[in-house]
Amino acid sequence: MERAAKISLETLAPEEVAKTIDHALLRPDMTIDEVIEGCHLCAKYKVASVCVKSCDVLIAAKQLQGTGVDVGTVIGFPHGNTSAKVKVFEALQAIDDGAVELDMVLNIAHLKSGLHDSVREEMRLVVDAAKERLPTCCIKVIFECSLLTDEEKVMACKLSEEAGADYVKTSTGFSTGGATIADLKLMRASTDPRKTKVKASGGIRSLDYLIECLQAGADRIGVSATAAIIDDMRARKAALD
C-alpha cells in the first residue's frame with residue numbers, strides 16, 4: 001500500500017516513466033527500417049533501453065550511440081530451450097556487438113521438471129561469462145509466468161537470485177500470457193530488493209496498467225506502445241495543471 005501511494009499519475013513525471021521503459025522491437029517480421037525507426041523513437045522519448053533481436057544489436061548500437069539509451073537483447077528467446085553453451089555464446093556475441101543488457105529466457109521445461117541445480121547453473125554460467133566480458137552488464141531472467149505454477153515462480157526467483165541475475169522478468173510477450181499484478185507482487189515478495197529488481201513485460205499497452213505494474217513492485221517495464229503511453233501521460237498531466 002505504501003509503494004502504491006507513492007507511485008501515481010500525480011507523483012510521477014513523464015520523464016521518470018520513460019526511464020522505466022525497455023522499448024521492445026522483437027516482432028519476428030520487423031524490418032531493418034522499423035528497427036531504425038524504433039531506435040529513433042527511443043532516443044526521442046529518452047527511455048531506459050531498447051530491446052532488440054540479437055541480429056539487430058549492431059544496428060541499434062549504431063543508431064543509439066551517444067543518446068543515453070542502453071541497448072539490450074534477448075538470449076535463448078523465446079522458449080529458453082537452447083543449451084547453456086549456446087546461451088553463453090549468444091550473450092558474449094551480443095555484448096561484443098554493443099548490448100549492455102541481456103534478457104535471458106530460463107530453461108522452462110527443466111524448471112518444470114524439477115532440475116533446479118541445472119537451471120541455476122545455466123543461469124550462473126551466462127551471468128558469470130557476461131559480467132566477465134562486461135562487468136556493468138545487466139542480466140534479466142525471463143520466467144514465462146503463464147506457463148508456471150506459483151511454486152515454480154518462487155523457485156525461479158530463488159534460483160535467479162542465487163545465480164546473480166540483476167532482474168527477474170515476467171514474460172517474453174510471445175507465449176500464452178503477459179505480466180499480471182499477482183505475479184509481480186509474488187516476484188517482488190520472493191526476491192531481495194537490495195539484490196534483485198523486477199521487470200514486467202507482456203500485454204502492457206496503457207499508462208494506467210504501467211502505473212499499476214510499478215505499484216505492484218516492477219522497476220522496469222517492457223512495452224512497445226511507448227509513444228502512446230508517454231503522450232497520454234503528458235496530456236493527462238497537462239490537464240491536471
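- Residues Asp128 and Glu132 have side chains not in contact (no heavy-atom distance under 4.5 Å, counting atoms from C-beta outward).
- Counting heavy-atom neighbours within 6.0 Å of Arg205 CZ, excluding the residue itself, gives a total of 12 or less.
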Do Val35 and Met30 pass the side chain to side chain contact (heavy atoms under 4.5 Å, CB included) test, and can you show the C-alpha distance, the side-chain angles, and the key distance before you say yes or no? CA-CA 7 Å; Val35 172; Met30 184 167 279; 3.9 Å; yes
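- Put simply, the side chain of Thr172 gets close to the backbone of Phe174: a donor and an acceptor are under 3.5 Å apart.
- No side-chain heavy atom of Thr180 sits under 4.5 Å from any side-chain heavy atom of Thr170.
- Note on Val105: it does not cluster hydrophobically with Leu115, by side-chain heavy-atom contacts below 4.5 Å among ILVMFWY residues.
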Set out, in order, the CA-CA distance, both residues' side-chain angles and the distance that settles side chain to side chain contact (heavy atoms under 4.5 Å, CB included) for Val17 and Ile221, then state yes or no. CA-CA 9 Å; Val17 170; Ile221 311 290; over 6 Å; no
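- Ile95 and Val86 fall into different hydrophobic clusters, where Ile, Leu, Val, Met, Phe, Trp and Tyr residues are linked whenever their side-chain heavy atoms come under 4.5 Å apart, directly or through other members.
- Under the 3.5 Å distance criterion, the side-chain polar atoms of Lys19 are matched with a main-chain donor or acceptor of Val47.
- By the 4.5 Å heavy-atom criterion applied to side chains, Asp56 and Leu25 are not counted as neighbours.
- Using a 4.5 Å heavy-atom threshold, the side chains of Leu214 and Leu210 count as touching.
- Under the 4.5 Å side-chain criterion, counting only non-hydrogen atoms from C-beta, Ile181 is in contact with Tyr209.
- Within 6.0 Å of atom NE2 in His79, 12 or fewer heavy atoms from other residues, nucleotides or ligands are found, so the atom counts as exposed in its surroundings.
- Heavy-atom minimum distance, Val88 versus Ala129: CG1-CB, 3.8 Å.
- Counting heavy atoms from C-beta outward, Arg188 and Asp219 have side chains that approach closer than 4.5 Å.
- Of the residues Arg220, Lys197, Lys169, the one that meets the salt bridge (charged side-chain N to carboxylate O under 4.0 Å, His left out) test with Glu101 is Arg220.
- Interatomic distance, Ser54 OG to Leu26 CG, rounded to the nearest 0.5 Å: 10.0 Å.
- What you find for Thr176 and Ser146 is that their closest heavy atoms are OG1-OG, 2.8 Å.
- Within 6.0 Å of NZ on Lys53 lie more than 12 heavy atoms contributed by other residues, nucleotides or ligands.
- In this structure, Lys237 places its NZ atom where more than 12 heavy-atom neighbours from other residues, nucleotides or ligands lie under 6.0 Å away.
- Ser49 approaches Asp22 most closely through the heavy-atom pair OG-OD1, 2.7 Å.
- Listed for the Thr11 side chain is a donor-acceptor partner under 3.5 Å among the backbone atoms of Lys6.
- A pairwise comparison of heavy atoms in Leu41 and Ala227 identifies CD1-CB, 4.0 Å as the closest pair.
- Leu186 and Val141 sit in two unconnected hydrophobic clusters of ILVMFWY residues. Membership requires side-chain heavy atoms under 4.5 Å apart, directly or through other members.
- Note: Lys85 NZ to Thr82 OG1 = 13.5 Å, rounded to the nearest 0.5 Å.
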Would Phe143 and Asp183 satisfy side chain to side chain contact (heavy atoms under 4.5 Å, CB included), going step by step from the backbone distance to the final call? CA-CA 11 Å; Phe143 292 179; Asp183 283 341; over 6 Å; no
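- Separating the CD1 atom in Ile75 from the CG atom in Asp103 is a distance of 8.5 Å, to the nearest 0.5 Å.
- Leu12 and Leu207 fall within the same hydrophobic cluster, defined by Ile, Leu, Val, Met, Phe, Trp and Tyr side-chain heavy atoms under 4.5 Å apart, directly or through other members.
- The main-chain N or O of Lys140 is never found under 3.5 Å from a side-chain atom of Asp166 such that the two would form a donor-acceptor pair.
- Rounding to the nearest 0.5 angstrom, the gap separating the CG atom in Asp96 from the CG atom in Leu58 is 9.5 Å.
- Within the model, atoms CE of Met155 and OG of Ser160 stand 11.0 Å from one another, a figure rounded to the nearest 0.5 Å.
- Take Ile36 and apply the side-chain contact (heavy atoms from CB on, under 4.5 Å) test, not counting sequence neighbours, and it matches Ile32, His40, Ile59, Gln63.
- Counting heavy atoms from C-beta outward, Thr226 and Cys42 have side chains that stay 4.5 Å or more apart.
- With respect to the salt-bridge test (charged N to carboxylate O, under 4.0 angstrom), the residues Arg236 and Asp208 qualify.
- Other residues, nucleotides and ligands contribute only 12 or fewer heavy atoms inside 6.0 Å of the CD atom of Glu37.
- Across Ile139 and Ala130, no two heavy atoms sit closer than the pair CD1-CB, 3.7 Å.
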Would Leu106 and Leu159 count as a side chain to side chain contact (heavy atoms under 4.5 Å, CB included) if you check the C-alpha gap in whole Å, the side-chain angles of each, and the deciding distance to 0.1 Å? CA-CA 10 Å; Leu106 61 71; Leu159 298 174; over 6 Å; no
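- The minimum heavy-atom distance linking Gly164 with Val127 is given by the pair O-CG1, 3.7 Å.
- A 4.5 Å side-chain heavy-atom check between Thr136 and Val100 finds every atom pair outside the cut-off.
- Side-chain atoms of Lys112 come within 3.5 Å of backbone atoms of Leu147 as a donor-acceptor pair (strictly under, hydrogens ignored).
- A salt bridge does not link Glu15 with Lys46: none of the charged nitrogens is closer than 4.0 Å to a carboxylate oxygen.
- Note that SG of Cys157 is 12.5 Å distant from CD of Glu152, once rounded to the nearest 0.5 Å.
- Within the 3.5 Å criterion, the main-chain N or O of Val52 finds a donor-acceptor partner in the side chain of Thr73.
- The same ILVMFWY cluster, assembled from side-chain heavy atoms under 4.5 Å apart, contains both Phe77 and Val126.
- Remark: Gln65 CD is loosely packed, at most 12 non-hydrogen atoms of other residues, nucleotides or ligands lying under 6.0 Å away.
- Here Glu161 pairs with Thr191, Asp192, Lys195, Thr196 under the side-chain contact (heavy atoms from CB on, under 4.5 Å) rule; sequence neighbours left out.
- Side chain of Glu90 to main chain of Gly76: a donor-acceptor pair is present (N/O by atom type, distance under 3.5 Å, no hydrogens or angles).
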